[in-house]
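Here the structure is laid out as structure tokens; the discussion comes afterwards.
Starting from 1, each residue takes its place in the sequence as its number. Just so you know, ligand 1 is whichever comes first in the structure, and atom 1 is the first atom listed for that ligand.
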Amino acid sequence: MNVLQETTNVTPSRSSVEAPGRVYLVGAGPGAPDLLTVRAHRLIQRARVLVYDRLVSEEILALAPESATRVFVGKAPSRHSLSQTEINALLVSLAMTGRDVVRLKGGDPFIFGRGGEEAEQLALHGIAFEVVPGITAASGCTTSLGIPLTHRGVATGARFVTGHCREGVDLDLNWNSLADPQTTLVVYMGLANARCMSERLQEAGLSGDTPALAIASGTTPQQRTCRSTLRDLPRDVAAAGLRAPVLLVIGKVVAEAERLGIYGMPAGRADLTQEVRRA
Ligand code: SAH
């Protein structure tokens, strides 16, 4: 029996319930539970049904009532995972049971989270939904490390791009527009394609000396970083053995944060914050 059947085999048809529940597409932030929004926290605490991805931590799930039904739909080795189409259908059928559903996604649901597709399906089926923004990995991971994504005189903007592509297909990005030394480039899902990113950006004219940083499991106790340059990033990331989720940050702000002495502030360390408060 797959997850879809398992969670919906008690599902009455639409006609047998008074009204469908509401679906909350909720951003869970970059990992640290204390980087949830107050709204997300409140919704999780009163959730009856939680549908969650791999990036949502145990600590965040633990905030839900014990009695809540938890449905894992992320991709993980050795666990059955659903396609996006199945997830869309699952959300619709769970809402049809008349229960509210909290659909938890890492970061922000609308930034590389496919939240737009889920919202579209809910709208198509006439199911009320609300989208709750979350701190996306780009700002959560960098800002908590003391790296400003934009900085006067250093970076006039930031671009968020995906480094993911279908197997065997080359990354289809506008390299010329991305190779801008005044812009901070943040690459989601870029670990597997770090070499391609590095080579194409250099071919498009971005200096190989451009500072770069890879952040793994940012804001969590498992956080690891690898400081490098655009040229050496693929080699250094591989040597460091970083494991997903990994965010790549390419741009002068990385070195600027070091120069300003603000790089490396403790990330998401509520324990340290308390110590500072006590001191
Ligand atoms: N909706 C999410 C992004 C989902 S795509 C958001 O807004 O953050 C998944 C990618 O996000 C990962 O491959 C990684 O590049 C990035 N990511 C998410 N959480 C991260 C974390 N804690 N540390 C590093 N990268 C993270």
Side-chain angles (χ1 to χ4, degrees), residues 24-37 39-40 51-61 72-77 81 84 87 102-119 131-147 149 158-167 171 173 184-198 212-228 233-234 237-238 240-251 254 264-270:
Y24 296 89
L25 299 172
V26 180
D34 53 355
L35 288 176
L36 278 172
T37 62
R39 192 180 299 178
V51 178
Y52 66 100
D53 281 341
R54 191 180 185 182
L55 284 178
V56 177
S57 65
E58 293 289 333
E59 291 92 327
I60 288 178
L61 289 174
F72 174 77
V73 294
K75 291 192 173 46
S81 64
Q84 188 60 49
I87 295 172
V102 174
R103 166 65 170 122
L104 261 187
K105 289 169 166 289
D108 183 282
F110 276 8
I111 298 187
F112 302 122
R114 304 191 72 172
E117 292 163 58
E118 294 174 12
V131 190
V132 179
I135 298 181
T136 191
S139 63
C141 297
T142 58
T143 301
S144 61
L145 268 174
I147 299 169
L149 282 179
R159 302 255 323 248
F160 299 171
V161 298
T162 171
H164 177 76
C165 56
R166 274 178 293 130
E167 227 169 281
L171 263 181
L173 295 171
T184 307
L185 194 56
V186 183
V187 187
Y188 288 71
M189 299 169 278
L191 185 58
N193 283 321
R195 178 160 303 283
C196 170
M197 300 279 325
S198 163
L213 183 75
I215 307 163
S217 300
T219 79
T220 76
Q222 292 76 41
Q223 174 173 286
R224 289 185 60 202
T225 58
C226 171
R227 170 73 162 92
S228 184
L233 188 67
V237 166
L242 295 191
R243 303 241 305 271
V246 171
L247 194 75
L248 308 177
V249 184
I250 299 161
V254 173
M265 302 182 315
R269 297 283 305 275

Yes or no on salt bridge (Lys or Arg N to Asp or Glu O under 4.0 Å) for Asp53 and Arg114, after CA distance, side-chain angles and deciding distance? CA-CA 11 Å; Asp53 281 341; Arg114 304 191 72 172; over 6 Å; no
Would you say ligand 1 has an N or O under 3.5 Å from any N or O of [X]?
X      : answer
Asp108 : yes
Thr219 : no
Met189 : yes
Val246 : yes

Need the ligand 1 atom indices (1-based, order shown) with element for anything under 4.0 Å from a heavy-atom of [X].
X      : result
Gly218 : 21 (C), 22 (N), 23 (N), 24 (C)
Ile111 : 1 (N), 2 (C), 3 (C), 6 (C), 7 (O)
Leu55  : 9 (C), 18 (C)
Cys141 : 21 (C), 23 (N), 24 (C)
Ile215 : 24 (C)

Students should be able to answer this: which protein heavy-atom is nearest to [atom], and at what distance?
atom                    : result
atom 2 (C) of ligand 1  : Gly106 O, 3.2 Å
atom 7 (O) of ligand 1  : Thr136 OG1, 2.6 Å
atom 11 (O) of ligand 1 : Tyr188 CD2, 3.3 Å
atom 4 (C) of ligand 1  : Phe112 O, 3.3 Å
atom 22 (N) of ligand 1 : Pro30 O, 2.7 Å

Approximate separation, where rounding is to 0.5 Å, of [X] [atom1] and [Y] [atom2]:
X      : Y      : atom1 : atom2 : value
Leu233 : Leu213 : CG    : CG    : 8.5 Å
Leu248 : Ile215 : CG    : CD1   : 9.0 Å
Arg103 : Ile87  : CZ    : CD1   : 5.0 Å

Checking [X] side chain against [Y] main chain: does a donor-acceptor pair fall under 3.5 Å?
X      : Y      : value
Asp108 : Thr136 : no
Tyr188 : Ala138 : yes
Thr220 : Ser217 : yes
Lys105 : Gly27  : no
Ser198 : Ala194 : no

Report the part of Leu191 (side chain from C-beta onward, or backbone N, CA, C, O) that has a heavy atom under 4.0 Å from ligand 1; answer both or neither where that applies.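 No part of Leu191 is near ligand 1 at this cut-off.
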Please classify the Thr220 to ligand 1 contact at 4.0 Å (heavy-atom distances, strictly less than): side chain, backbone, both or neither. neither
Applying side-chain contact (heavy atoms from CB on, under 4.5 Å), can you list everything that pairs with Ala240, at least two apart in sequence or on another chain? Arg224, Cys226, Leu242
Identify, with sequence neighbours excluded, every residue that meets side-chain contact (heavy atoms from CB on, under 4.5 Å) alongside Arg39.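 Only Thr37, Arg42, Leu43, Val132 meet the side-chain contact (heavy atoms from CB on, under 4.5 Å) criterion with Arg39.
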Can you tell which of Ala244, Pro245, Ala138 gets a heavy atom nearest to atom 26 (C) of ligand 1?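 Residue with the shortest heavy-atom distance to the ligand atom: Pro245.
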Selection from Gly163, Ala137, Gly113, Ser217 by shortest heavy-atom distance to atom 20 (C) of ligand 1: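 Among Gly163, Ala137, Gly113, Ser217, the closest heavy atom to atom 20 (C) of ligand 1 belongs to Ala137.
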